[in-house]
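Below, each value reflects all heavy atoms present in this structure, side chains not excepted, and no hydrogens, waters or symmetry copies. No experiment lies behind these values; they were computed from the predicted model shown.
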There are 2 protein chains.
Amino acid sequence: MTEQAAAPAAALPTARAWRVALEHIEARLLAGDLGPGDHLPPERQLAADLGVARSSVREAVRVLEVLGLVRTATGSGPNAGAVIVASPEGGMSAVMRLQVAAHGFPIADVVEARLVVEPAIAAHLARRAGRDLRQASALLDAMDVPGLEPAEFLALDARFHVTLAEASGNTVLSATMAGLRDSIEGYVLAAVPNLPSWLATSARLRAEHRGIVRAIESGDGTDAARRLQAHVAGYYAESRITGDTNDTTR
Amino acid sequence: MTEQAAAPAAALPTARAWRVALEHIEARLLAGDLGPGDHLPPERQLAADLGVARSSVREAVRVLEVLGLVRTATGSGPNAGAVIVASPEGGMSAVMRLQVAAHGFPIADVVEARLVVEPAIAAHLARRAGRDLRQASALLDAMDVPGLEPAEFLALDARFHVTLAEASGNTVLSATMAGLRDSIEGYVLAAVPNLPSWLATSARLRAEHRGIVRAIESGDGTDAARRLQAHVAGYYAESRITGDTNDTTR
DNA sequence: TTCCTCCTGTGGTCAGACCACATGCGCATC
DNA sequence: GATGCGCATGTGGTCTGACCACAGGAGGAA
């Protein structure tokens with residue numbers, strides 16, 4: 001329906017100017033003409049080259065910025081301008097977070113996706129040679145500090161899970177995991193009061209984390225996946241996360 | 001260095017206007033104030049309310065549009081304006097496709113992500129009660145038509161895999177799968193000439209598809225996952241997909 | 001009652017201007 | 001000749017105001 005771009009070829013409804021700019025940049029990326037570290041042409045020049053207004057170019061650049069493809073900076077010099085960075089975490093988080101906010105992604109689906117994806121990552125990680133779990137272990141040590149606030153603990157917990165995904169060495173998997181986790185961060189925090197006992201729960205989570213790391217290190221992918229599945233599912237069941245937050249904090 | 005945004009708290013560097021608009025809309029979404037089907041306020045009014053220029057509001061709306069959260073239309077009446085739609089496929093595809101183009105997502109990582117995610121989806125689907133694979137089966141029937149061009153066949157193949165993900169009933173998983181598949185579509189097509197024999201390969205793919213559906217229908221998640229893993233891995237190995245396309249077609 | 005016309009409000013785009021900022025050249029000074 | 005400082009320059013960020021195309025609906029004319 002919205003795919004009029006794939007329509008025959010007759011009377012294309014005057015390609016929108018910002019899309020012209022976006023596709024121009026995408027084409028230059030695909031052609032290898034632009035790559036990480038390179039600067040986009042100045043907005044004014046790009047506008048002149050493409051025959052569109054600068055505001056249209058800016059809309060395209062804005063999209064690229066939110067998607068994590070470019071970083072913009074004012075001023076002059078090598079650090080100024082729009083630079084290709086290709087850091088996907090921000091973009092994945094943005095799309096998932098906003099889709100959750102707009103009810104395009106039900107919370108339950110995000111949780112379920114974690115239950116599908118994360119054990120698979122753990123199993124994959126267990127099979128992977130040369131894995132390095134020191135960073136993840138360091139986070140577990142940090143979580144053993146007594147007296148942590150739930151918010152602090154859960155922040156470390158989130159980092160732990162994302163770090164595991166990063167240890168897989170796969171940018172797509174880690175960015176996806178980061179997005180999944182970020183998109184429901186607010187809801188996870190809001191559901192803490194539902195827990196029967198924060199102390200008991202946090203202790204259990206810490207023990208489960210250690211067990212997961214141990215399983216991965218021993219190369220037992222099946223066990224790691226099973227433990228991770230139970231770990232994630234258990235917490236969500238206990239905290240009874242729903243979509244009713246309405247406490248946006250910021 | 002560029003992280004002056006994370007500075008103490010003093011003299012926050014004047015939040016960028018477009019971000020103000022974006023966060024305002026996100027907050028209204030989170031608060032349930034806006035939902036699918038609702039209209040965003042007119043750009044001019046939103047600009048006046050927030051004390052920013054209309055161009056800044058437009059940048060925010062543009063981001064939302066690319067992320068698949070709103071659909072915009074000119075004119076007047078119920079269908080005009082910016083309407084919340086929350087269709088995630090477009091946004092996921094956009095972020096993944098552009099990240100691949102900018103070398104933020106190596107092709108190998110996308111392929112590997114499929115190898116991790118898709119078998120997990122299949123296993124999850126096999127365990128799911130009330131699954132409906134009729135649509136997927138119909139696609140397989142369509143792929144049995146003799147004389148299909150590789151491009152046609154692969155388009156159906158892509159639809160089959162995405163349809164399987166959709167059958168899981170999980171919007172996050174299906175949108176992710178769609179994004180993964182879309183992001184490397186061009187490369188898959190470009191690698192067809194690498195195949196030793198298209199006829200033999202397509203025949204094998206068709207047989208494997210049937211086997212996968214059979215495994216899922218029989219509820220054997222382990223077998224379904226194993227078959228899907230071998231199916232995807234086998235094709236990529238045989239077609240020797242690389243990141244060297246440089247044939248952007250459009 | 002029906003039909004047609006024009007008014008209205010919407011997004012889409014453009015043009016031009018100004019600002020804040022970081023750099024680095026070039027001049028004045030030592 | 002070496003050194004230090006100030007301003008020209010070019011960048012993104014923002015605002016203002018204008019015009020266009022379009023779709024719907026109100027209102028008048030038949």
Heavy-atom pair with the smallest gap, counting every atom of [X] and [Y]:
X	Y	value
A/Ala165	A/Ser168	O-OG, 2.5 Å
B/Pro41	B/Arg28	CG-NH1, 3.6 Å
A/Asp38	A/Asp33	OD2-O, 4.1 Å
A/Thr163	A/Ala136	CG2-N, 3.8 Å
B/Asp109	A/Gly169	OD2-O, 3.9 Å
A/Ala113	A/Leu180	CB-CD2, 4.2 Å

Anything under 3.5 Å between a protein N or O and an N or O of nucleotides 17-20 of chain D, put it in a table, one pair a line.
| residue | atom | partner | partner atom | Å |
| --- | --- | --- | --- | --- |
| D/dA18 | N6 | B/Arg54 | NH1 | 3.4 |

Atom [atom1] of [X] to atom [atom2] of [N]: distance rounded to whole Å?
X	N	atom1	atom2	answer
B/Arg16	D/dC15	CZ	P	13 Å
A/His39	D/dG10	NE2	C1'	12 Å
A/Gln45	D/dG10	CD	P	12 Å
A/Glu43	D/dT11	CD	C1'	8 Å
A/Leu50	C/dA15	CG	P	13 Å
A/Arg19	C/dG11	CZ	P	17 Å

**Prompt:** Would you call B/Arg16 and B/Glu59 a salt bridge, using N to O less than 4.0 angstrom?
**Reply:** no
**Request:** Flag the pair A/Glu26 and B/Arg97 as a salt bridge only when some basic side-chain nitrogen lies within less than 4.0 angstrom of an acidic carboxylate oxygen.
**Result:** yes
**Prompt:** B/Pro42 side chain: which of C/dT10, D/dC15, C/dG12 is closest?
**Reply:** C/dT10
Straight-line distance of [X] [atom1] to [Y] [atom2], nearest 0.5 Å:
X	Y	atom1	atom2	result
B/Leu30	A/Tyr187	CG	OH	5.0 Å
A/Leu164	A/Arg159	CG	CZ	11.0 Å
A/His161	A/Leu139	NE2	CG	10.5 Å

**Side chain A/His39, main chain A/Pro78, donor-acceptor under 3.5 Å** = yes
Anything under 3.5 Å between a protein N or O and an N or O of nucleotides 23-27 of chain D, put it in a table, one pair a line.
| residue | atom | partner | partner atom | Å |
| --- | --- | --- | --- | --- |
| D/dA23 | N3 | B/Ser76 | OG | 2.9 |
| D/dG24 | O4' | B/Ser76 | O | 3.4 |
| D/dG24 | O4' | B/Ser76 | OG | 3.0 |

**Item:** Watson-Crick or G-U pairs under 3.5 Å in DNA chain D, rendered as dot-bracket with [ ] for crossing pairs and | for another strand
**Value:** ||||||||||||||||||||||||||||||
**Asked** Which residues, if any, of residues 57-66 of chain B bring a heavy atom under 4.0 Å of DNA chain D?
**Response** none
**Request:** Test B/Met143 against B/Asp157 for side-chain contact (heavy atoms from CB on, under 4.5 Å), laying out the working first.
**Result:** CA-CA 8 Å; B/Met143 294 168 80; B/Asp157 180 282; 3.7 Å; yes
**Request:** Could you pull out all residues at least two apart from B/Ala60 that satisfy side chain to side chain contact (heavy atoms under 4.5 Å, CB included)?
**Result:** B/Ala21, B/Leu22
**Request:** State which residue, out of B/Val85, B/Ile84, B/Val70, fulfils the side chain to side chain contact (heavy atoms under 4.5 Å, CB included) condition with B/Leu64.
**Result:** B/Val70
**Asked** Should B/Ser55 be listed as having a side-chain N or O under 4.0 Å from OP1 or OP2 of D/dT16?
**Response** no
**Prompt:** Hey, is the side chain of A/Ser56 poking within less than 4.0 Å of OP1 or OP2 on C/dG12, counting only N and O atoms?
**Reply:** no
Please write out the pairs of protein N or O atoms and N or O atoms of nucleotides 2-6 of chain C separated by less than 3.5 Å, giving the distance to one decimal.
none

**Request:** List the steps, then state whether side-chain contact (heavy atoms from CB on, under 4.5 Å) holds for B/Val188 with B/Arg181.
**Result:** CA-CA 9 Å; B/Val188 170; B/Arg181 177 63 217 224; 3.8 Å; yes
